[in-house]
Every structure is written in C-alpha cells, then in structure tokens.
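One structure is given below, encoded as structure tokens.
For this chain, numbers begin at 1 and follow the sequence in order. The structure displayed is predicted, hence computed values, not measured ones.
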Amino acid sequence: MSTLNIGLVQMTCSATVQDNLNKAIRETRKAAAAGAQIVCLQELFTSLYFCDVESHENFRLAEVIPGPSTEALSAVAKECSVVIIASLFEKRSQGLYHNTVAVIDADGAYLGKYRKMHIPDDPGYYEKFYFTPGDLGYRTFKTKYATIGVLICWDQWYPEAARITALMGAEILFYPTAIGWAHHQNEKTNTEQYEAWQTIQRSHAVANGIPVVSVNRAGSEADMQFWGGSFVTNAFGSLLYQAPHDKEITKVVEIDMQQSEYYRTHWPFLRDRRIDSYAPVTKRYIDEEK
C-alpha cells in the first residue's frame, strides 16, 4: 500500500485486568473509526507494570496465547477490519512464562506471536524473574495491510534485532513499550533518558529505511512515572508524531510507505553492507582472553 494509517493507543492502566482490556478495546475501536488500519497497544497493557517487584502472586496475571484476550481482540479486529498488535503476559506451561506479542489480522485471524528476546533486570524492571527469553527468533507477519515486524521494549536498544527483522522483509517496525522515569530523578536525567530512547529507535528507521512506531504506557505506578511520548517516524527517522508525556491519547498517523524505496536507493546502506566482515559481532566481547 502507498500509505498506511497507524493507530497508537497510549494509556494508563489499573489493577483490574478486565477494565484495562475494555479500555484497550474501546480505544482500538476509536482508532479504527478514525481510519487506522493497524493498531498497536502498549507493552503488557492488561495490567499494571508488575515487574517493579518480584512477587510470585503476579504469575496469576499470565494467560495462554491464543486465549481469552486474543479471542476478545480478534472479534474487534474482524468487526473493525483492523490489525491489532497486542502485548500480553504469556503462560506457556507451569513455571514457563514469556513477554509476548500476539498479532491479529484484520479478518480476526490470529497470525502468531513474537516472544521478547532481550530481558532486562534493573531496579524497577525485574523482568528476568518473570520472563524466559524468547525462543521463536525474530519474526515478521504478513497482515492485510503490510508485512510488519514487532519487537518489545528492551529490544529497542539492540540494532541487531531491528536489522534482522528488517532483513526478514518487515516494511515497518513496531515496539510496544513500558518505560518511565523513577520519581526521584531530576529533569536533566529524565530528558537525557527519553532522548536516548527515542534516538536509538529513530536510528533503526535510518539504518533500515523503514518506518518505526513506538507505543509506550503513561501514568504513575509505584515509584515510576511512565513517560508516554509514543512516536512515529518515517523511513528516514524523521518524526511524524510524538505523543505527550503525561496523557492518555489515541492517535492515527498516516505514513507514506513508498518512501522506503526512495531512501533505500538514495542512501543504500543495505547495498553496502559487508556481511563477510560481521562474524565477530556474535561474540560476547572481542578480546584476547584464553
């Protein structure tokens, strides 16, 4: 398609799963009514961001995929003829859990899942306690409107993940996200962190010649102020839209998908890749230890 209408749903969450799901469905319908063809929801949108603590009680939030949430969203996707990108806490088996995105096509069909590959473990983000690293590799999904690549939050910081997904044929990259500022931080630190977060993702658009869509949560939870600031770039990293930091918002952004051809021919980074020289990148660190 020459143009693509992307719906971003940036929202706050509560402790009630059904309320969060209902809000996401309402906002998805709102985006679709405004012309969205693909709607991206934020990371782990059915709950508060529970990874701020290590608690076995939180495993009760997990669900099978496909399962109840994907069934509800599939009905909405079919009703509105919209693709939905849904980030969920997956229960794969007893004692085995993933941070997972389900992709639902515009006819309601479940296309498959991507499991988050890079799992952080930092103060306020104790995800290794909950999530097993993804074992499906990087994935693309052929939807009604475009071939999309989906990565999740911490994956944002790794250019290798974006590159591989682009090389697999992704025409656009989506990043459902949950990231914010600790309440004790000063404004200078907050600004530096947000700008770094946005810059690294915009660089993925530049390096790969495809648009990037990042959808973050908003609101204050425990010691965290989630910084919102969801955004969309064109295929050369230029900002097409940036959401406010402190508000819920549902926004539809039109992207010119034909720009990828222009930027990839005028800035032919893929042509000039020296794939014969990249083997060292598979090492943990390049040193002389024996």
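Atom CG of Asn216 sits about 14.0 Å away from atom OH of Tyr175, to the nearest 0.5 Å. For the atom pair Leu151 CG and Thr165 OG1, the distance stands at 4.0 Å (nearest 0.5 Å). Atom NE2 of His204 is separated from atom OG of Ser214 by 9.5 Å, given to the nearest 0.5 angstrom. Summarising the geometry, atom CD belonging to Gln185 is positioned 11.0 Å from atom CD belonging to Gln225; distances are rounded to the nearest 0.5 Å. Once rounded to the nearest 0.5 Å, the distance linking CD of Glu43 with CD1 of Ile85 reads 13.5 Å. Here the CD1-CD distance, from Ile210 to Glu171, works out to 9.0 Å after rounding to the nearest 0.5 Å.
For Val17, the side-chain contact (heavy atoms from CB on, under 4.5 Å) test picks out Thr46, Leu61, with sequence neighbours left out. When the salt bridge (charged side-chain N to carboxylate O under 4.0 Å, His left out) test is applied to Lys113, the partners found at least two apart in sequence or on another chain are Glu90. Remark: Ala62 engages Phe89, Lys91, Tyr97 in a side-chain contact (heavy atoms from CB on, under 4.5 Å) (not counting sequence neighbours). A search for side-chain contact (heavy atoms from CB on, under 4.5 Å) contacts involving Thr132 returns Leu96, His98, not counting sequence neighbours.
When atom types are taken as modelled, the side chain of Asp105 and the backbone of Asp107 share no donor-acceptor pair closer than 3.5 angstrom. Between the Tyr194 side chain and the Gly229 main chain, a donor and an acceptor come within less than 3.5 Å of each other. Judged by distance alone, with hydrogens and angles left aside, the side-chain atoms of Gln10 form a donor-acceptor pair with the main-chain N or O of Ser230 at under 3.5 Å. At least one donor-acceptor pair under 3.5 Å links the side chain of His245 to the backbone N or O of Trp227. The main-chain N or O of Ser14 is found under 3.5 Å from a side-chain atom of Asn20 such that the two form a donor-acceptor pair. Under the 3.5 Å distance criterion, the side-chain polar atoms of Thr282 are matched with a main-chain donor or acceptor of Ala279. Here the side chain of Asn234 pairs a donor or acceptor atom with the backbone of Gly237 at under 3.5 angstrom. When atom types are taken as modelled, the side chain of Arg29 and the backbone of Glu79 share no donor-acceptor pair closer than 3.5 angstrom. Panel note: side chain Glu127, backbone Pro120; no donor-acceptor pair is recorded below 3.5 Å. At distances below 3.5 Å, not a single donor-acceptor pair connects side-chain atoms of Arg115 with backbone N or O atoms of Gly134.
Partner Gln37 forms a side chain to side chain contact (heavy atoms under 4.5 Å, CB included) with one of Val83, Asn5, Ile6, Val252 and no other, that one being Asn5. When each of Phe131, Trp154, Tyr126 is tested with Asp121 by the rule side chain to side chain contact (heavy atoms under 4.5 Å, CB included), just one qualifies, namely Tyr126.
Side-chain contact annotation: Gln258 with Ser2, donor-acceptor N/O pair under 3.5 Å absent.
Taken together through direct or relayed side-chain contacts under 4.5 Å among Ile, Leu, Val, Met, Phe, Trp and Tyr, Phe236 and Met257 form parts of separate hydrophobic clusters. Tracing side-chain contacts under 4.5 Å through hydrophobic residues (I, L, V, M, F, W, Y), one never reaches Leu136 starting from Leu111; they form parts of separate clusters. Each of Leu173 and Tyr263 belongs to its own hydrophobic cluster when Ile, Leu, Val, Met, Phe, Trp and Tyr are linked at side-chain heavy-atom distances under 4.5 angstrom. Both Leu240 and Phe174 belong to a common hydrophobic cluster when Ile, Leu, Val, Met, Phe, Trp and Tyr are linked at side-chain heavy-atom distances under 4.5 angstrom. Two different hydrophobic clusters hold Phe231 and Val206 under the rule that ILVMFWY side chains link at heavy-atom gaps under 4.5 Å.
A cation-pi contact, defined as under 6.0 Å to the ring centre and within 45° of the axis, links Arg217 to Phe226.
No more than 12 heavy atoms of other residues, nucleotides or ligands lie within 6.0 Å of NZ in Lys142, so this atom counts as exposed by the packing criterion. At most 12 non-hydrogen atoms from other residues, nucleotides or ligands lie less than 6.0 angstrom from CD of Glu192.
Counting only heavy atoms from C-beta outward, the side chains of Thr100 and Arg92 never approach each other to under 4.5 Å. A heavy-atom distance below 4.5 Å is found between the side chains of Pro211 and Ser260. For the pair Asp52 and Glu221, the minimum side-chain heavy-atom distance is 4.5 Å or more.
In this structure, Lys144 and Ser81 approach most closely via the heavy-atom pair NZ-OG, 3.4 Å.
Ring-plane geometry between Phe59 and Phe129 is classed as tilted, the angle between the planes lying from 30 to 60 degrees on a 0 to 90 degree scale. Using bins of under 30°, 30° to 60° and over 60° for the plane-to-plane angle, the ring pair Tyr130/Phe50 lands in the perpendicular bin.
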N/O donor-acceptor pairs under 3.5 Å from side chains in residues 265-274, not counting sequence neighbours:
residue, atom, partner, partner atom, Å
Thr265, OG1, Glu261, O, 2.8
Thr265, OG1, Tyr262, O, 3.0
His266, ND1, Tyr262, O, 2.9
Arg274, NE, Asp276, OD1, 2.9
Arg274, NH2, Asp276, OD2, 2.6

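With respect to the salt-bridge test (charged N to carboxylate O, under 4.0 angstrom), the residues Lys116 and Asp155 do not qualify.
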Take Glu27 and Lys30, measure what side chain to side chain contact (heavy atoms under 4.5 Å, CB included) needs, and give me the verdict at the end.
-> CA-CA 5 Å; Glu27 296 305 307; Lys30 178 180 176 181; 3.4 Å; yes
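Cluster partners of Val39, using a side-chain heavy-atom cutoff of under 4.5 Å among ILVMFWY residues and allowing indirect links, are Val9, Met11, Leu21, Ile25, Leu41, Phe45, Ile65, Leu73, Val76, Val82, Ile84, Leu88, Ile104, Tyr110.
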